[in-house]
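To start, the structure under review is shown below, and the notes come after it.
Side chains included, hydrogens not; waters and symmetry mates left out as well; all remaining heavy atoms used. Letters go in sequence order (proteins before strands), and every chain restarts at 1.
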Amino acid sequence: MDWGALHTILGGVNKHSTSIGKIWLTVLFIFRIMILVVAAERVWGDEQDDFVCNTLQPGCKNVCYDHFFPISHIRLWALQLIFVSTPALLVAMHVAYRRHEKKRQFRKGGQKCEYKDIEEIRTQRFHIEGSLWWTYTSSIFFRLVFEAVFMYAFYFMYDGFQMPRLMKCSAWPCPNTVDCFVSRPTEKTVFTIFMIAVSSICILLNVAELCYLLTKFFLRRSKKAGNAKHHPNHENKEETKQNEMNELISDSCQNTVIGFSS
Amino acid sequence: MSWGILCDLLSGVNKYSTGIGRIWVAVVFIFRLLVYIAATENIWKYEHDEFECNIKQPGCENVCFDHLFPVSHIRLRALQLIMVSTPSLLVVFHLAYRESRENHHQQKICQSPGEIDGGLLCTYLISLLLKTGFEIVFLALFYKLYNGFKVPHLVKCDVRPCPNTVDCYISKPTEKVIFLYFLVATSCLCMLLNLSELSYLIFKYSMK
């Protein structure tokens with residue numbers, strides 16, 4: 001179990017996402033998770049060992065380190081990535097529920113010609129409309145909230161995004177104000193700024209996706225209202241044609257959500 | 001040997017779970033297992049090396065560490081994850097037994113929890129009760145060992161061979177407390193999900 005498993009889970013959701021959602025997922029995995037695992041963890045790997053205080057007083061270094069770093073950058077980023085990825089599961093659950101309902105109807109014999117077999121239901125791609133639209137939009141909203149909360153927490157805990165070289169500490173049992181030196185401060189500042197920049201890009205992508213979905217929703221509504229006035233039956237035929245086309249143009253992605261698509 | 005085995009087990013059980021059961025699996029995978037591997041393990045990795053006492057007496061640090069942490073927090077968490085996931089094996093075994101019986105007698109088998117009969121339902125309910133029981137036991141153990149989910153930055157130790165009461169400093173206490181609270185929160189969430197699933201199944205089958 002590692003970040004790869006999260007990739008598998010979210011890959012299943014990717015099938016039902018918008019294009020902006022797919023870009024967001026790529027940015028998340030390549031520029032955030034991969035950078036965290038491959039680079040950032042090494043930079044912060046020796047953070048306490050190489051945190052040095054100008055004193056021989058036992059315990060002073062431990063206390064000062066705890067005072068300046070209540071929670072390590074690495075752990076905070078790991079938590080941020082987990083929380084930001086989780087709202088996508090709402091979409092996965094909704095899709096799984098819809099599939100389950102369709103399979104139940106299929107077994108009862110309700111769906112006469114729409115599906116040839118259960119495999120078709122399993123591989124069907126659902127479009128973001130109706131209740132799924134609300135679930136998808138809520139998941140984007142929660143993602144935005146989590147991103148903002150973690151960025152603020154970061155800024156608040158570390159007084160900005162820069163890692164200083166020297167910190168002055170006078171917590172007990174340090175006998176007086178003691179100089180403490182952080183290891184690799186410049187490298188840590190570079191990576192912090194990088195991660196913050198990528199978080200901002202992800203926030204922008206989420207906002208763009210939200211705007212796109214809202215625009216699509218209002219356009220569809222006004223189109224329906226217009227069609228209902230002029231062509232009461234035409235709209236249904238158009239929708240059926242569109243549905244058929246959409247079924248033909250299905251995503252070739254083979255990733256499946258663990259257990260949710262059974 | 002790694003956490004992959006547990007993942008495979010839980011994924012297998014997921015097929016036969018209710019909706020709430022699947023949410024439970026997702027919570028265990030993401031908020032407990034992934035957080036354990038990605039974050040928590042590294043916080044406690046060098047806990048012994050970074051544990052420091054204000055004394056030069058050889059052996060004092062070792063003895064104090066052992067006195068304060070009889071079982072490491074991280075090992076207790078790993079045990080908790082394993083014990084809490086294992087009752088699902090009861091369901092897997094029961095299903096395997098049924099399948100072999102079906103192959104023998106060529107009878108129909110239930111495909112989903114919506115159709116399970118008394119025997120499999122009983123097994124499922126027992127597994128839910130066991131999961132909840134283990135969660136409570138481990139939370140109580142954490143509470144007892146950590147004096148109410150606290151990790152102080154300083155502890156006083158006077159165990160032999162320490163010559164007197166000695167100040168010992170724990171590394172990263174704030175970070176440890178944050179993740180301890182996270183563990184408690186996720187345990188409580190899992191317990192809640194188990195109890196909801198239990199009530200839902202009992203209600204559903206008593207209505208029948």
Parallel, tilted or perpendicular: which fits the ring planes of B/Tyr169 and A/Trp172, with parallel below 30° and perpendicular above 60°?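 Aromatic pair B/Tyr169/A/Trp172 classed tilted.
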Let's go through B/Ile23 and A/Met93 carefully: what are the C-alpha distance in whole Å and the side-chain angles of both, what is the deciding distance for side chain to side chain contact (heavy atoms under 4.5 Å, CB included) to 0.1 Å, and is it a yes or a no? CA-CA 9 Å; B/Ile23 296 172; A/Met93 284 182 212; 3.8 Å; yes
If you count the non-hydrogen atoms of other residues, nucleotides and ligands that lie under 6.0 Å from [atom1] in [X], is the total more than 12?
X: A/Phe142; atom1: CZ; value: no
X: A/Phe161; atom1: CZ; value: yes
X: A/Phe181; atom1: CZ; value: yes
X: B/Tyr143; atom1: OH; value: no
X: A/Met34; atom1: CE; value: no
X: A/Leu56; atom1: CG; value: no

Shortest non-hydrogen contact from B/Glu175 to A/Ser72?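 Scanning both residues, the minimum pair turns out to be OE2-N, 2.9 Å.
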With the side chain counted from C-beta on, respond yes when [X] and [Y] share a heavy-atom pair under 4.5 Å apart, and no when they do not.
X: B/Lys172; Y: A/Tyr65; value: yes
X: A/Arg75; Y: B/Asn42; value: yes
X: B/Val35; Y: A/Ile82; value: yes
X: A/Leu79; Y: B/Phe182; value: yes
X: B/Leu34; Y: A/Trp3; value: yes

Contact origin within A/Ser85 toward chain B - heavy atom pairs under 4.5 Å: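 Answer is neither: A/Ser85 stays 4.5 Å or more from chain B.
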Report which part of B/Leu154 has an atom under 4.5 Å of a heavy atom belonging to chain A: side chain, backbone, both, or neither.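 Interface part for B/Leu154: side chain.
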Audit row: A/Asp66, B/Thr174, side chain to side chain donor-acceptor pair (under 3.5 Å) steps and yes/no: CA-CA 7 Å; A/Asp66 183 62; B/Thr174 311; 2.7 Å; yes
Apply side chain to side chain contact (heavy atoms under 4.5 Å, CB included) to the pair B/Phe31 and A/Thr86, showing each step before the final yes or no. CA-CA 9 Å; B/Phe31 291 103; A/Thr86 318; 3.5 Å; yes
Sub-4.5 Å heavy-atom contacts with chain A: which residues of residues 47-63 of chain B show up?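 Checking residues 47-63 of chain B against chain A gives B/Glu50, B/Glu52, B/Cys53, B/Asn54.
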